[in-house]
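This one's a predicted model, so the numbers in the text were calculated from it and none came from an experiment.
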Amino acid sequence: MIGPYQVLDYENNLIFSFENLVECYDYKNTNRTKSFVFMGINESNLHFEKDKSYYLVCQKYDNRLSFSFNLNKYYFYENNLIVDSYFDSGMYLSGTISLLDFYEDSKERIWLEMRGELKEIYISASYIKNGFPKKILKNELVIEGKYIQDYYSFYCELGYALLGPYGYMGRNLDAVRDLFIDIAEIPERKITWIDSELSFMAIDNTIPPGYYPSVSEDIVSILEDYFIVELK
């Protein structure tokens with residue numbers, strides 16, 4: 001029996017499958033190494049090699065939950081496999097699975113309880129849960145500036161305003177522009193941004209290093225390309 005999580009090699013051979021994935025605390029505090037528990041291994045004889053690269057994919061989310069890893073250390077506990085690996089995340093960020101395990105059905109703005117860059121975990125969860133948007137789902141389009149505390153919360157609120165909970169609208173302006181090309185409607189719809197000046201300051205004061213010095217002006221410019229924008 002093949003479980004919902006599958007580990008493959010780069011020749012696309014199935015190495016093993018398992019039932020559930022648990023993310024471990026990142027005690028090394030790096031973006032390169034991660035530890036996981038693969039729970040409910042369905043195979044008894046594994047050909048799992050250290051220093052070899054593998055690919056994990058989950059069928060639950062139409063294969064959007066996936067990442068590559070290079071095996072560093074591992075050991076078994078009953079039918080569970082504890083893995084320490086060098087990690088290449090792609091669209092998945094560590095913490096996303098835990099967030100979905102506990103809050104997948106939430107209708108609230110749960111990113112408000114996350115600090116700074118941790119909001120990227122919500123953005124990652126939004127993509128994994130719902131993928132790229134195909135159309136605007138909300139009838140009334142309102143961006144609530146009071147919920148935009150920093151740079152990353154803008155993308156959380158934009159997705160929420162257009163698509164609802166776990167609406168994915170990218171994590172940078174290039175992605176937003178690309179997604180608008182696919183979902184913008186003709187004639188242009190109105191979008192209202194409440195408390196816009198307050199949120200502009202929050203965005204521009206928390207721009208990550210290496211980004212444009214004034215992002216809010218670019219955001220409004222992009223919105224105006226696809227919507228009738230009302231700033232309040």
Checklist line | Test side chain to side chain contact (heavy atoms under 4.5 Å, CB included) applied to N130 and L163, step by step | finding: CA-CA 10 Å; N130 291 316; L163 306 166; over 6 Å; no

How many angstroms lie between [atom1] in [X] and [atom2] in [Y], if you round to the nearest 0.5 Å?
{"X": "L118", "Y": "E113", "atom1": "CG", "atom2": "CD", "answer": "12.0 Å"}
{"X": "E157", "Y": "S199", "atom1": "CD", "atom2": "OG", "answer": "9.0 Å"}
{"X": "S153", "Y": "L158", "atom1": "OG", "atom2": "CG", "answer": "11.5 Å"}
{"X": "I121", "Y": "S94", "atom1": "CD1", "atom2": "OG", "answer": "7.0 Å"}
{"X": "E120", "Y": "R171", "atom1": "CD", "atom2": "CZ", "answer": "5.0 Å"}
{"X": "L173", "Y": "D218", "atom1": "CG", "atom2": "CG", "answer": "6.0 Å"}

Next item on the list: Tell me whether L179 is reachable from M91 by hopping between hydrophobic residues (I, L, V, M, F, W, Y) whose side-chain heavy atoms are closer than 4.5 Å.
Entry: yes

Check: If you group Ile, Leu, Val, Met, Phe, Trp and Tyr by side-chain heavy-atom gaps below 4.5 Å, do I181 and I219 land in one group?
Finding: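 The answer is yes; both residues are in one hydrophobic cluster.
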
Next item on the list: Start with the C-alpha gap between Y127 and Y92, add the side-chain angles, then the distance that decides, and say whether ring-ring contact (aromatic ring centres under 6.0 Å, His included) holds.
Entry: CA-CA 9 Å; Y127 168 74; Y92 160 79; over 10 Å; no

List in chain and number order the residues that pass ring-ring contact (aromatic ring centres under 6.0 Å, His included) with [X], two or more places apart in sequence or in another chain; answer none if no residue qualifies.
{"X": "F48", "result": "F16, Y54, Y74"}
{"X": "Y166", "result": "Y122"}
{"X": "Y151", "result": "Y155, Y211"}
{"X": "F154", "result": "W193"}

Notebook entry, point to check: Excluding sequence neighbours, so at least two apart, what forms side chain to side chain donor-acceptor pair (under 3.5 Å) with N80?
Noted result: none

Could you check whether any side-chain heavy atom of [X] comes within less than 4.5 Å of a side-chain heavy atom of [Y], counting everything from C-beta outward?
{"X": "I15", "Y": "L8", "result": "no"}
{"X": "L71", "Y": "K52", "result": "no"}
{"X": "C156", "Y": "I123", "result": "yes"}
{"X": "K134", "Y": "D182", "result": "no"}
{"X": "F69", "Y": "L56", "result": "yes"}

Please list, one pair per line, the donor and acceptor atoms closer than 3.5 Å that link side chains of residues 96-105 to other protein atoms, with sequence neighbours excluded.
unit_1	atom_1	unit_2	atom_2	d
T96	OG1	L93	O	2.7
T96	OG1	S124	OG	3.0
S98	OG	E23	OE1	2.7
E104	OE1	Y61	OH	3.1

Check: Residues two or more places apart in sequence or in another chain: which of them pass side-chain contact (heavy atoms from CB on, under 4.5 Å) with N70?
Finding: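 Only D51, S53, Y86 meet the side-chain contact (heavy atoms from CB on, under 4.5 Å) criterion with N70.
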
Next item on the list: Report the residues that fulfil side-chain contact (heavy atoms from CB on, under 4.5 Å) with S66, sequence neighbours left out, ordered by chain and then residue number.
Entry: Y55, V57

Can you give the donor-acceptor pairs under 3.5 Å from side chains of residues 220-232 to other protein atoms, not counting sequence neighbours?
unit_1	atom_1	unit_2	atom_2	d
E230	OE1	K190	NZ	2.8
E230	OE1	T192	OG1	3.3

Next item on the list: Report the C-alpha separation of Q6 and Q59 in whole Å, then their side-chain angles, then the decisive distance to 0.1 Å, and conclude whether the side chain to side chain contact (heavy atoms under 4.5 Å, CB included) test is met.
Entry: CA-CA 8 Å; Q6 299 167 19; Q59 296 178 334; 2.8 Å; yes

Check: Would Y5 and L65 count as a side chain to side chain contact (heavy atoms under 4.5 Å, CB included) if you check the C-alpha gap in whole Å, the side-chain angles of each, and the deciding distance to 0.1 Å?
Finding: CA-CA 9 Å; Y5 289 89; L65 173 50; 4.0 Å; yes

Taking all non-hydrogen atoms of both residues, which atom of [X] and which atom of [Y] are closest, and how far apart?
{"X": "G170", "Y": "A175", "answer": "CA-CB, 3.8 Å"}
{"X": "P165", "Y": "S106", "answer": "CB-O, 3.7 Å"}
{"X": "R109", "Y": "Y147", "answer": "NE-CD1, 3.2 Å"}
{"X": "Q149", "Y": "A202", "answer": "O-CB, 3.5 Å"}
{"X": "M169", "Y": "P133", "answer": "SD-CG, 4.0 Å"}
{"X": "Y152", "Y": "P208", "answer": "OH-CG, 3.6 Å"}

For residues 136-145, tabulate all N or O donor-acceptor pairs below 3.5 Å that involve a side-chain atom, not counting sequence neighbours.
unit_1	atom_1	unit_2	atom_2	d
K138	NZ	Y160	O	3.0

Check whether any side-chain N or O of [X] sits under 3.5 Å from a backbone N or O of [Y] as a donor-acceptor pair, and report yes or no.
{"X": "N20", "Y": "F38", "result": "no"}
{"X": "N172", "Y": "D174", "result": "yes"}
{"X": "S17", "Y": "G3", "result": "yes"}
{"X": "N205", "Y": "M201", "result": "yes"}
{"X": "D195", "Y": "L198", "result": "no"}

Next item on the list: Please go through I82's hydrophobic cluster and name the other residues, only I, L, V, M, F, W, Y counting, with side-chain heavy atoms under 4.5 Å joining them.
Entry: V22, V37, M39, Y75, Y77

Check: Taking only residues two or more places apart in sequence, or in another chain, which ones meet E185 in a salt bridge (charged side-chain N to carboxylate O under 4.0 Å, His left out)?
Finding: R189

Check: Given the rule in the side-chain hydrogen bond (donor to acceptor under 3.5 Å, both in side chains) test, do S216 and D204 qualify, once you have shown the distances and angles that lead to the verdict?
Finding: CA-CA 6 Å; S216 61; D204 290 340; 2.6 Å; yes

Note to self: More than 12 heavy atoms of other residues, nucleotides or ligands under 6.0 Å from CD of E217: yes or no?
What the structure shows: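 No, because the 6.0 Å sphere around CD of E217 holds 12 heavy atoms or fewer from other groups.
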
